[in-house]
K.L.:
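Here it is, the structure, as C-alpha cells.
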Amino acid sequence: MPELPEVETTRRGIEPHIAGQVISAIKVRQPQLRWPVPKQIQQLCGATIDAVKRRGKYILLETQQGTALIHLGMSGSLRITHPDIPPEKHDHVDLLVGDDIALRLRDPRRFGAVLWSVGGELHPLLSKLGPEPLGEAFDAVYLHEKSRKRVPAVKTFIMNAQVVVGVGNIYANEALFAAGIDPRRAAGAITLAEYQELVTHIKAVLARAIKQGGTTLRDFVREDGQSGYFQIELQVYGRSGETCHQCGLMLTHIRQTQRSTWFCAHCQR
DNA sequence: CTTGTCACCTGAGCGC
DNA sequence: TGCGCTCAGGTGACAA
C-alpha cells in the first residue's frame, strides 16, 4: 500500500476540497473490495463531512450520520475530480461531494476497503490498533516493554499494527538501517538504548517522507492525480545487488514472513 | 496466548 | 508475440 506518509499526504490533499461539504451521493461500481462495501454507506448521503482524519492507514470521513473508513490497500489511491469525468477501469467508488466534486477511489488490486461505522462508535478494525508512530505515546520505553519475551524478528514486530500503526515495509527497512539494527534479531533481544535509536529513526523517516509528499512508487498518485514527487532517497529498500551507501559492501536481501527485507550485514548489528 | 502462513487481486517485468 | 513465473507499498483470518 501506500504507507503512512502517502496516506497522510492523501488526507491533506483531499481535506480542503471536502471538509464542511455535503455528501450528495455515493456511487459504488465495484463493491467487491477487500470486504464488500456495506449498503449502509448510503446513510451518509446528505450528511456533512465534519472532519477528514487519519488513524494508522485508514482515512476517516466523519459525519453526524456515521464515519466512512477508507483504506487504500496495496494499490489504492484517492483523487479529487469532477463527477462528469468518466471513471476508468479500476475506479470503483465515487463519493460525490456537493454538485461538482467527486472523491474517486481507484484500486486495481482491490485490497483496499470502504467501510462504515455509526456515529460515535469505533469500528472494530480500529479498536486494536497500536499508537501513532508520530505521537508521544510511541517511545522507546513503550516498545521495549511491549517487546519483552517476543520471539519474532524486530522488523516483523515494528510492522505489526497492534504494536504501532503505519510502519510498512519500506519504512521498516529504512528505519532499521538508519538505527543500525539487524532486522533479523528477535524483538525481545533489542535493548532500550537500541529501541531509542529505532524510535528516533522511525519518527524521522516518516516525518521526512510526509514532508516530501510521500514516496512515489508505482501506482501511488496524489489526490489531484499528479505524481511529481521527489523520490525519497532510499538507503536499502529495493536495492538488490547494490552496495551500502555507508560502507560500500553489498547489501543483503532476504525474506521475512513473506516480505522482502534489505539490510547491510556490516552496518546493522 | 503467540507465531507463522495463506489468501485476497491485478499488473509489470523477466526468461524462454 | 505470447506464455508462465515471480514480485509488488497490507493485513485479517486461520492453523499450529
K.L.:
Would you say B/dC9 has OP1 or OP2 under 4.0 Å from some side-chain N or O of A/H90?
P.N.:
no
K.L.:
Please state how far atom NE2 in A/H123 lies from atom P in C/dG12, giving the value in whole angstrom units.
P.N.:
11 Å
K.L.:
For A/R150 and for A/K89, find the nucleotide of DNA chain B with the closest heavy atom, then tell me which residue's nucleotide is more 5'.
P.N.:
A/R150
K.L.:
Using every non-hydrogen atom in the two residues, find where A/R110 and A/S75 come nearest and quote the distance to one decimal.
P.N.:
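Closest heavy-atom pair between A/R110 and A/S75: N-OG, 4.3 Å.
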K.L.:
Quick one: pull up CD1 in A/I23 and CD in A/Q21 and give me the separation to the nearest 0.5 Å.
P.N.:
10.5 Å
K.L.:
Minimum heavy-atom separation for A/K155 to A/N173, with atom names?
P.N.:
CE-ND2, 3.7 Å
K.L.:
Closer than 4.0 angstrom, basic N to acidic O: yes or no for A/D91 and A/R79?
P.N.:
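Judged by the 4.0 Å cut-off on N to carboxylate O distance, A/D91 and A/R79 do not form a salt bridge.
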K.L.:
Return the nucleotide paired to C/dG9: Watson-Crick means purine N1 to pyrimidine N3 with N6-O4 or O6-N4, wobble means G-U with N1-O2 and O6-N3, both under 3.5 Å.
P.N.:
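Checking every strand shown, C/dG9 finds no partner, since no pair has both distances under 3.5 Å.
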K.L.:
Rounded to whole angstrom units, what separation is found between the CD atom of A/Q32 and the P atom of B/dC9?
P.N.:
9 Å
K.L.:
Indicate, with a heavy-atom threshold strictly under 4.0 Å, whether A/S260 touches base, sugar-phosphate, or nothing.
P.N.:
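Sugar-phosphate: the residue A/S260, judged by heavy atoms under 4.0 Å, touches backbone atoms but no base.
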K.L.:
Applying a 4.0 Å non-hydrogen cut-off, can you work out what A/R34 is touching in the nucleic acid: base, sugar-phosphate, or nothing?
P.N.:
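The answer is base, as A/R34 lies within the cut-off (heavy atoms under 4.0 Å) of a base atom.
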K.L.:
Give a yes/no answer on whether the side chain of A/Y171 brings an N or O atom under 4.0 Å of OP1 or OP2 in C/dG9.
P.N.:
no
K.L.:
Look at A/R269 together with A/D182 and state whether they make a salt bridge at an N to O cut-off of under 4.0 Å.
P.N.:
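The answer is no: the pair does not qualify as a salt bridge.
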K.L.:
For nucleotides C/dT6 and B/dC6, find the distance between their P atoms and express it as a whole number of Å.
P.N.:
14 Å
K.L.:
Per the atom types in the model, does the base of B/dC9 pair as donor or acceptor with the side chain of A/R109 at under 3.5 Å?
P.N.:
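Donor-acceptor pair under 3.5 Å: yes.
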K.L.:
Salt-bridged, A/R54 to A/E132, with N to O below 4.0 Å?
P.N.:
yes
K.L.:
If we require ring centres under 5.5 Å and near-parallel planes under 30°, does A/F111 stack on B/dC8?
P.N.:
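A stacking contact exists, since A/F111 sits close and nearly parallel to the base ring of B/dC8.
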K.L.:
Just to be sure I understand the rule, does A/R255 reach a base, reach only the sugar-phosphate, or reach nothing, if contact means heavy atoms closer than 4.0 Å?
P.N.:
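Contact class for A/R255: sugar-phosphate only.
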K.L.:
Looking at the side chain of A/Y58, which of C/dG9, C/dG10, C/dG12 is the nearest nucleotide?
P.N.:
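Of the options given, the side chain of A/Y58 lies nearest C/dG12.
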K.L.:
To the nearest Å, how far apart are A/L4 CG and C/dG10 C1'?
P.N.:
13 Å
K.L.:
Atom CG of A/N169 and atom P of C/dA8: how far apart are they, to the nearest Å?
P.N.:
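Rounded to the whole Å, the gap is 8 Å.
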K.L.:
Figure out the CD1/P separation between A/I170 and C/dT11, and round it to whole Å.
P.N.:
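Taking CD1 of A/I170 and P of C/dT11, I get 13 Å after rounding.
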K.L.:
Starting from C1' on C/dG10, measure out to CG on A/L125 and report it in whole angstrom.
P.N.:
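Spelled out: CG on A/L125 to C1' on C/dG10 is 12 Å.
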K.L.:
Nearest-Å distance, CD (A/Q256) to C1' (B/dT3)?
P.N.:
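That distance rounds to 14 Å.
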K.L.:
Output the rounded distance in Å from NZ (A/K128) to P (C/dG10).
P.N.:
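One finds 20 Å between P of C/dG10 and NZ of A/K128, rounded.
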K.L.:
How far, in whole Å, is C/dC14 from B/dC9 if one measures between their P atoms?
P.N.:
16 Å
K.L.:
Is the distance from OP1 or OP2 of B/dG4 to the nearest side-chain N or O of A/Q258 less than 4.0 Å?
P.N.:
no
